[in-house]
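Following: one structure in structure tokens, then a few remarks.
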Amino acid sequence: IFLKRILIMIKEQIQELSAKIFNEVVANRRHLHANPELSFHELQTSVFVANKLEELGLEYHKMADTGLVALIKGEKPSDAGNVVALRADMDALPITEENNVAYKSTKDGIMHACGHDVHTTCLLGAAKILSENSSALTLRYLQTLREIATEKNSTTIFPVPIDLLKPFLKPDGKELT
């Protein structure tokens with residue numbers, strides 16, 4: 001019963017925080033939707049996301065030209081070294097948008113028909129809520145990342161700098177499981 005009460009409180013707190021940032025989240029989504037970029041060409045999208053991460057005071061690393069990895073450190077590290085990874089895609093598709101909305105794609109022949117604008121927006125919202133409440137986190141780090149992928153290959157693997165992985169290792173240097 002005690003755990004159930006805690007989970008209900010956490011759920012209510014997240015709903016309250018989500019309502020508080022709703023207008024900002026909608027504005028982010030509309031900006032991203034209006035400014036789509038194809039896979040591996042998300043230069044302005046990457047800058048937009050990086051600026052949002054900077055506004056939150058989050059450390060981030062660029063990867064594979066347009067990918068980003070950001071870290072949120074909880075103020076109450078877990079002995080188990082818990083790590084949560086969240087990811088979102090940022091790329092759009094080569095499709096002409098036919099919708100007639102204020103935030104319609106500004107780029108001919110490119111639109112977010114796949115929902116990646118929403119994925120990125122939700123991840124930014126989660127990063128905002130979690131970073132502003134890091135004193136309550138019992139995670140070592142929360143990692144937000146963007147999958148590096150192409151339309152032809154489902155996933156392309158890029159080397160990750162070892163310094164970026166250090167926060168995800170146990171104090172004895174072994175990987176977390």
Side-chain angles (χ1 to χ4, degrees), residues 14 17-74 83-134 137 139 141-165 167-168:
I14 290 172
L17 294 167
S18 297
K20 186 174 149 183
I21 66 169
F22 178 78
N23 291 334
E24 178 183 349
V25 169
V26 169
N28 288 344
R29 188 274 172 155
R30 289 181 175 179
H31 170 82
L32 291 168
H33 189 86
N35 298 282
E37 296 176 294
L38 297 174
S39 188
F40 288 106
H41 298 280
E42 311 97 321
L43 299 174
Q44 294 305 312
T45 304
S46 184
V47 168
F48 178 81
V49 172
N51 287 339
K52 293 296 177 182
L53 295 172
E54 286 175 7
E55 287 174 16
L56 296 173
L58 296 178
E59 170 191 351
Y60 67 90
H61 303 272
K62 293 181 181 182
M63 298 185 68
D65 296 327
T66 60
L68 299 168
V69 176
L71 304 173
I72 300 173
K73 184 176 182 179
V83 175
V84 176
L86 303 175
R87 59 162 291 280
D89 294 311
M90 300 189 297
D91 61 322
L93 296 173
I95 298 173
T96 299
E97 182 161 14
E98 296 179 8
N99 298 320
N100 190 16
V101 292
Y103 51 92
K104 180 179 178 175
S105 174
T106 59
K107 298 183 180 179
D108 289 335
I110 304 173
M111 76 169 288
H112 275 291
C114 51
H116 291 173
D117 53 335
V118 177
H119 296 174
T120 301
T121 299
C122 290
L123 199 58
L124 286 172
K128 183 173 180 77
I129 288 172
L130 292 168
S131 67
E132 290 180 358
N133 294 280
S134 63
L137 294 178
L139 305 171
Y141 286 87
L142 173 102
Q143 179 183 19
T144 61
L145 60 142
R146 178 232 193 253
E147 178 182 294
I148 311 297
T150 67
E151 295 301 319
K152 294 178 184 171
N153 265 340
S154 62
T155 303
T156 305
I157 298 173
F158 292 89
V160 178
I162 190 65
D163 289 346
L164 195 59
L165 297 176
F168 306 104

Could you list the residues that satisfy side chain to side chain donor-acceptor pair (under 3.5 Å) with Thr45, not counting sequence neighbours? Glu37

More than 12 non-hydrogen atoms from neighbouring residues, nucleotides or ligands closer than 6.0 Å to NZ on Lys62, yes or no? no

For Ser105 and Ile110, indicate whether the former's side chain and the latter's backbone hold a donor-acceptor pair under 3.5 Å. yes

Could you work out, with side chain to side chain donor-acceptor pair (under 3.5 Å) as the rule, every residue matching Gln44, not counting sequence neighbours? none

Ignoring hydrogens and angles, tell me if any N or O in the side chain of Ser46 forms a donor-acceptor pair with the backbone of Thr66 under 3.5 Å. yes

Looking at side-chain heavy atoms only, is the closest gap between Asn99 and Met111 below 4.5 Å? yes

Working to the nearest 0.5 Å, report the span between CG of Leu32 and OG1 of Thr121. 4.5 Å

What do the steps show when you test Leu124 against Val49 for side chain to side chain contact (heavy atoms under 4.5 Å, CB included), and what is the final call? CA-CA 8 Å; Leu124 286 172; Val49 172; 4.0 Å; yes

Please assess Asp91 against Phe40 for the test side chain to side chain contact (heavy atoms under 4.5 Å, CB included), listing each intermediate value before the final yes or no. CA-CA 8 Å; Asp91 61 322; Phe40 288 106; over 6 Å; no

How are the rings of His33 and His112 set relative to one another: parallel (under 30°), tilted (30 to 60°) or perpendicular (over 60°)? tilted

Taking salt bridge (charged side-chain N to carboxylate O under 4.0 Å, His left out) as the test, write out the residues that go with Glu55, two or more places apart. Lys52

Would you name the heavy atoms of Ala126 and Leu86 that are closest together and state the gap between them? CB-CD1, 4.2 Å

Looking only at heavy atoms, what is the nearest atom pair of Ala50 and Leu68, with distance? N-CD1, 3.8 Å

Taking the side chain as every heavy atom from C-beta outward, state whether Pro36 and Asp117 have any atom pair closer than 4.5 Å. no

Count the heavy atoms belonging to other residues, nucleotides or ligands that lie under 6.0 Å from CG of Asp108, then report whether that count exceeds 12. no

Separation of Ile129 CD1 from Ile21 CD1 (nearest 0.5 Å): 4.0 Å

From Thr120 OG1 over to His31 NE2, what is the distance, rounded to the nearest 0.5 angstrom? 11.0 Å

Hey, what do you get for CD1 (Ile95) to SG (Cys114), rounding to the nearest 0.5 Å? 7.5 Å

Return the minimal non-hydrogen interatomic distance between Leu58 and Ser131, and the atom names on each side. CD2-CB, 3.8 Å

Over 12 foreign heavy atoms within 6.0 Å of NZ, Lys20: no

